[in-house]
Asker: 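Got a structure here, written out as structure tokens. Questions coming.
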Amino acid sequence: MKIKFIDGSVREFQNGMTIEDIANAISISLRKKSIGAKVNDKIVDLDFVLAEDASLELITEESPDAIEILRHSTAHLLAEAVKSIYPEAKFGVGPIIEEGFYYDMDLGDHVLTESELPDIEKMMNKLASQNQKIEREVMSKEEALEFFKSDPYKVELISDLPDSEEISAYTQGLFTDLCRGPHLPSTKWIRHFKLLSLAGAYWRGDSKNKQLTRVYGTAFFTQEELKNHLELLEERKKRDHRKLGKELDLFMLSEYGPGFPFWLPNGMILRRELESFWYRVHLKEGYKLIQTPIMLNKDLWVVSGHWQNYRENMYTSEIDDMEFAIKPMNCPGGMLVYKRDLHSYKDFPLKVGELGLVHRHEASGALNGLFRVRNFTQDDAHIFMTEDQIVEEVASLVRLFDYVYSVFDLSYHIELSTRPLEKYIGEISTWDKAEAALASALQSMNKDYIVNPGDGAFYGPKLDFKLRDSMNRIWQCGTIQLDMNLPERFDLTYVDHLGEKKRPVMLHRALFGSIERFIGILIEHYAGAFPTWLAPVQVKVIPVNLEYHKQASDRLVQILRDANIRVEEDYRDEKLGYKIREAQTKKIPYQIVIGDEEAASDMVTYRRYGEKEQVKISVSEFVEMIQKEVKIA
RNA sequence: GCCGAAAUAGCUCAAUCUGGUAGAGCAACUGACUUGUAAUCAGUAGGUUACGGGUUCAAUUCCUGUUUUCGGCACCA
């Protein structure tokens with residue numbers, strides 16, 4: 001057989017050799033370094049037998065796929081260790097995830113606690129150091145069912161496998177696990193790992209099923225990578241917006257209103273800056289702005305379909321014996337505004353924006369700081385147009401999103417969510433057309449995207465914008481949804497060029513998604529050190545000596561205030577170092593110290609947050625610099 | 001909502017295991033010091049230990065219910 005290697009070379013080998021044999025034939029050191037291989041781009045074990053011509057790529061520690069194999073095998077090692085401590089343990093699934101792996105297990109009556117994780121780690125280390133061979137075995141479905149008969153979860157998994165699928169199991173030491181693989185050749189590779197946390201998780205992700213214990217962990221090939229990752233986790237903890245929100249006095253939560261955040265003066269400045277930026281950008285883009293009521297009669301929600309489909313998330317109340325609902329979305333109100341007037345095709349695309357406060361009854365366990373709340377402000381807009389305007393409008397929205405996210409140095413990727421398999425309304429041909437329109441808009445701009453089959457809303461397909469922050473986490477923020485449902489339900493019309501009434505097409509879109517969540521993301525993204533235009537306090541003025549320098553400080557504060565710069569003075573009876581330190585811990589972008597030299601001239605000495613360097617410039621230059629810096633859109 | 005953990009001064013934490021009505025640092029307040037780039041010193045005050053019920057001579061501590069928070073799951077902007 002002919003084996004083609006990654007460098008393009010082709011060599012002849014005897015049929016039926018394992019990959020390990022072939023690696024050995026090339027060089028013993030290469031074999032020793034190899035932990036798996038890719039045959040025709042499919043990842044396999046080292047003992048995979050090659051029977052025909054194929055392309056072959058050996059996977060070593062340096063290969064991008066290697067870490068997945070390592071983590072997968074570490075998950076097995078975790079299970080092996082748990083099994084050796086709790087022989088009665090039953091196992092669910094143990095997959096790799098973006099930054100590690102987990103394993104779901106059922107320990108019967110035993111409740112696993114965090115304090116036991118080190119013991120399990122110890123056992124894992126012990127087992128790993130035994131250098132157990134990890135061996136693959138192919139079974140028939142009957143054999144597999146027989147072998148795993150004492151483990152109901154594995155039996156369920158096996159039973160659900162299609163007959164065409166090859167069933168394999170991996171054995172290391174005394175532990176055998178049903179698994180597709182591939183795995184490391186032996187446990188000796190597993191040295192740098194950590195068990196991170198544990199939590200309950202429903203069997204097969206279904207809340208109707210039993211809850212298993214899930215243990216999370218991660219693994220790397222080197223101690224240094226592991227250390228770096230643990231440091232990243234620490235850094236994320238330090239940046240937690242709930243912690244920073246408290247330290248920087250941005251917002252608060254009270255047990256009198258779970259999920260209903262309170263905005264403090266500093267947080268209000270952030271909000272207002274963000275909102276006024278949003279208004280400026282949208283006015284430039286030709287949006288009209290409206291505001292619709294918080295509460296509307298139940299009948300409206302019946303028309304929109306929310307009463308039937310979204311009832312459990314809605315808060316209701318009674319007014320004059322009539323049932324009302326607090327809006328969970330802005331669209332129905334927007335429909336009423338549209339219907340107030342007759343519309344011509346000449347008005348299209350009609351772009352109507354609203355920063356709308358919506359309330360949703362979220363499950364108590366879902367609440368999380370500003371990331372998941374029960375009332376939040378959607379930066380919503382509805383765009384009404386004709387069908388052939390879709391591509392152009394979507395493209396112009398993507399350009400807008402692009403610009404706005406770039407202001408915050410947030411990168412993103414796009415996911416196209418298509419028609420759900422079961423719960424959807426309308427004609428499949430319309431869906432196909434809508435999906436194609438969204439896709440072709442992206443193609444026309446050379447934007448890459450991932451397709452998320454079946455994940456669209458029930459009324460239409462959507463583009464989701466997944467932002468990646470400075471800590472490498474992904475957040476769903478922006479969304480563009482093509483809706484063919486509401487215009488129908490609300491009987492929206494426009495008059496076309498022949499004077500006939502037609503049904504418009506509508507886009508729902510949000511850029512930040514939720515102002516609250518977006519601020520939470522920004523807090524963590526910037527670690528609380530906001531760019532000057534967003535910073536609640538932009539400049540701190542600190543006199544060296546209160547007696548001698550207060551007047552000069554007062555003068556400067558007044559100048560800055562007149563220039564619309566958010567400035568605070570620190571006239572407390574404390575040492576200079578103390579005030580400097582506080583200005584730094586509060587992450588204020590600029591601190592100015594006023595002493596003899598500054599008082600005697602029109603100069604300021606400033607220090608930028610996080611920098612040691614002191615810069616001396618004239619007051620007018622300083623004002624100009626700040627004004628230039630905060631000029632966003 | 002589900003599984004698990006937790007709640008002590010404004011904040012960060014101790015005392016809880018082994019029951020005997022709570023301590024520290026920071027912040028606040030008072031006074032002294034009068035300062036050139038990350039914490040000056042001394043003093044004062046601050047607590048129905050989340051809330052309710054139970055066990056006990058005695059509960060922050062043990063049991064129990066509720067609320068909230070945290071880690072996940074499910075759900076999701």
Side-chain angles (χ1 to χ4, degrees), chain A residues 97 102 104 106 111-115 196-216 237 240 242-243 246-247 249 252-259 310 312-313 328-330 356 358 360-380 455 457 464-465 467 475-479 481 508-518 520-521 540 542-549 572-586 591-599 605-607 609-614:
Chain A
I97 48 179
Y102 65 79
D104 285 348
D106 181 350
V111 177
L112 201 62
T113 62
E114 300 254 357
S115 59
L196 296 168
S197 63
L198 77 176
Y202 298 110
W203 167 238
R204 307 199 114 184
D206 188 333
S207 56
K208 291 199 257 321
N209 288 340
K210 182 173 177 176
Q211 208 159 59
L212 307 179
T213 304
R214 175 172 295 180
V215 179
Y216 284 91
K237 241 187 240 166
D240 189 314
R242 293 167 297 196
K243 183 171 174 285
K246 204 184 275 183
E247 285 170 11
D249 305 308
M252 62 173 257
L253 290 156
S254 157
E255 62 183 280
Y256 288 105
Y310 209 72
E312 65 279 15
N313 283 301
M329 295 185 196
N330 300 304
V358 298
R360 297 181 185 176
H361 181 73
E362 298 294 340
S364 57
L367 303 179
N368 174 314
L370 295 178
F371 286 160
R372 200 67 184 276
V373 292
R374 285 180 171 158
N375 75 349
F376 59 96
T377 308
Q378 278 189 318
D379 63 318
D380 219 339
D455 217 28
D464 285 327
F465 289 70
L467 268 48
W475 305 100
Q476 146 95 68
C477 289
T479 182
Q481 308 181 348
H508 305 245
R509 48 112 282 182
L511 231 166
F512 297 146
S514 136
I515 302 268
E516 287 76 2
R517 168 183 285 184
F518 196 73
I521 293 168
K540 189 75 141 186
I542 305 173
V544 173
N545 182 309
L546 248 191
E547 208 173 315
Y548 301 123
H549 309 129
R572 290 173 305 170
D573 187 12
E574 292 289 350
K575 295 191 86 160
L576 182 62
Y578 179 92
K579 297 182 184 180
I580 298 279
R581 179 172 190 278
E582 194 176 273
Q584 292 289 326
T585 57
K586 293 285 180 189
Q591 49 175 289
I592 290 178
V593 173
I594 300 291
D596 288 340
E597 295 171 38
E598 291 79 10
T605 305
Y606 72 84
R607 202 176 119 182
Y609 170 74
E611 287 172 17
K612 283 268 174 265
E613 190 196 11
Q614 294 166 38

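In this text the structure is predicted, and so the values were computed from the model without any measurement. Below, read A as the first sequence line, B as the second, and so on, with proteins coming before strands; counting in each chain starts at 1.
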Asker: Atom NZ of A:K586 to atom C1' of B:A39: distance rounded to whole Å?
Answerer: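 It is 14 Å, rounded to the nearest whole Å.
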Asker: Can you confirm whether A:V593 sits close enough to A:K540 that some side-chain heavy atom of one is under 4.5 Å from a side-chain heavy atom of the other?
Answerer: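 Not touching, per the 4.5 Å side-chain cut-off.
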Asker: Rounded to the Å, how far apart are A:R572 CZ and B:A28 C1'?
Answerer: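 About 11 Å, once rounded to whole Å.
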Asker: Using atom CE of A:M252 as one end and atom P of B:U68 as the other, report the distance to the nearest whole Å.
Answerer: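 In whole Å, B:U68 P and A:M252 CE are 15 Å from each other.
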Asker: With rounding to whole Å, what would you report as the distance between B:C17 and B:U61 at their C1' atoms?
Answerer: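 9 Å, rounded to whole Å.
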Asker: Between B:C13 and B:U56, how many Å separate the two P atoms, rounded to a whole number?
Answerer: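 The answer is 36 Å between these two P atoms.
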Asker: With a 3.5 Å cut-off and heavy atoms only, can you find an N or O donor on one side and an acceptor on the other between the side chain of A:E598 and the base of B:G36?
Answerer: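 Answer is yes: a donor-acceptor pair is held.
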Asker: Between B:U16 and B:A7, how far is it from one P atom to the other, in whole Å?
Answerer: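 That atom pair is separated by 13 Å.
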Asker: Can you list everything that forms a side-chain hydrogen bond (donor to acceptor under 3.5 Å, both in side chains) with A:S254? Sequence neighbours excluded, please.
Answerer: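 side-chain hydrogen bond (donor to acceptor under 3.5 Å, both in side chains) list for A:S254, sorted by chain: empty.
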Asker: Let me know the distance between CD of A:E574 and C1' of B:G36, rounded to the nearest Å.
Answerer: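 So the two atoms are 16 Å apart, to the nearest Å.
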Asker: Within less than 4.0 Å of OP1 or OP2 of B:U12, is there a side-chain N or O belonging to A:K246?
Answerer: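 Yes.
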Asker: Using a 4.0 Å heavy-atom cut-off across all strands, classify A:Q591 as base, sugar-phosphate, or nothing.
Answerer: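 Base, at least one base heavy atom under 4.0 Å.
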Asker: Which part of the nucleic acid, if any, lies within reach of A:S254 when heavy atoms closer than 4.0 Å are counted: base, sugar-phosphate only, or nothing?
Answerer: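 Touches nothing.
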Asker: Could you run down nucleotides 70-77 of chain B 5' to 3' and tag each one B, S or - for protein heavy-atom contact under 4.0 Å?
Answerer: SBBBBBBB
Asker: How far does the C1' atom of B:G23 sit from the matching atom of B:U8, given to the nearest Å?
Answerer: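 Result for the C1' pair: 11 Å, nearest Å.
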Asker: Ignoring hydrogens and geometry beyond distance, is a side-chain donor-acceptor pair present between A:T377 and A:E516 at under 3.5 Å?
Answerer: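 Short answer, yes.
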Asker: A:I97 versus A:Y216: any side-chain heavy-atom pair under 4.5 Å?
Answerer: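 A side-chain contact under 4.5 Å exists here.
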Asker: For A:G610 and A:G257, find the nucleotide of RNA chain B closest to each by heavy atoms; which residue's nucleotide sits nearer the 5' end?
Answerer: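 Final value for this comparison: A:G610.
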Asker: According to a 3.5 Å limit on both distances, what stems of 3 or more consecutive Watson-Crick or G-U pairs are formed with RNA chain B?
Answerer: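 Expected stems, ordered by start: B:1-7 with B:67-73, B:10-13 with B:23-26, B:28-32 with B:40-44, B:50-54 with B:62-66.
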Asker: Tell me the closest heavy-atom pair linking A:V358 and A:P328, and the distance in Å.
Answerer: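 Shortest heavy-atom separation between A:V358 and A:P328 comes out as CB-O, 3.5 Å.
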Asker: Examine distances only and state if a side-chain atom of A:N545 and a backbone atom of A:Y548 form a donor-acceptor pair shorter than 3.5 Å.
Answerer: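 Checked: pair present.
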Asker: Whole-Å distance between B:U37 C1' and A:R581 CZ?
Answerer: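 A:R581 atom CZ is separated from B:U37 atom C1' by 13 Å.
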Asker: Side chain of A:T605 only, heavy atoms from C-beta on: which candidate in B:G36, B:U69, B:C33 is closest?
Answerer: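 In terms of side-chain proximity for A:T605, the closest of B:G36, B:U69, B:C33 is B:G36.
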Asker: Check whether any side-chain heavy atom of A:E582 sits under 4.5 Å from a side-chain heavy atom of A:R572, and report yes or no.
Answerer: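 Yes, at least one pair of side-chain atoms sits under 4.5 Å.
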Asker: For A:R242, is there an ion pair with A:D240 - N to carboxylate O distance below 4.0 angstrom?
Answerer: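 A:R242 and A:D240: salt-bridged.
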Asker: Please state the P separation for the pair B:G20 and B:U49 - nearest whole angstrom.
Answerer: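 Their P atoms lie roughly 15 Å apart.
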Asker: Are any of the side-chain heavy atoms of A:E362 and A:V373 separated by less than 4.5 Å?
Answerer: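 Counting from C-beta outward, A:E362 and A:V373 never come under 4.5 Å.
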Asker: Quickly work out the A:K612 NZ to B:G36 P distance and round it to whole Å.
Answerer: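 Computing the A:K612:NZ to B:G36:P distance gives 17 Å.
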Asker: I'd like the P distance from B:C70 over to B:C11, given in whole Å.
Answerer: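 B:C11 and B:C70 have their P atoms separated by 15 Å.
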Asker: Measuring only the C1' atom in each nucleotide, how far is B:A38 from B:C26? A whole number of Å is fine.
Answerer: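 Comparing C1' positions in B:A38 and B:C26 gives a spacing of 15 Å.
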Asker: Using every non-hydrogen atom in the two residues, find where A:V544 and A:G595 come nearest and quote the distance to one decimal.
Answerer: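 The answer is CG2-CA, 3.6 Å.
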Asker: Mind calculating the distance between CD (A:E255) and P (B:U68) to the nearest angstrom?
Answerer: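 So the two atoms are 8 Å apart, to the nearest Å.
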Asker: Is it the case that the side chain of A:H361 and the backbone of A:R374 share a donor-acceptor pair, with hydrogens and angles ignored and the cut-off at 3.5 Å?
Answerer: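 It does not hold such a pair.
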Asker: Under 4.0 Å between any heavy atoms, over every strand shown, what does A:E597 touch: base, sugar-phosphate, or nothing? Just pick one.
Answerer: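 A:E597: base contact, heavy atoms under 4.0 Å.
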Asker: Any side-chain N or O of A:Y578 less than 4.0 Å from the OP1 or OP2 oxygen of B:A27?
Answerer: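 True: A:Y578 side-chain N/O within range (under 4.0 Å) of B:A27 OP1/OP2.
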Asker: Could you state the atom-to-atom distance from CG of A:L576 to P of B:U40 in whole Å?
Answerer: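 Distance, rounded to whole Å: 10 Å.
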Asker: Which whole number of Å gives the distance between the C1' atom of B:U68 and that of B:G52?
Answerer: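 Comparing C1' positions in B:U68 and B:G52 gives a spacing of 15 Å.
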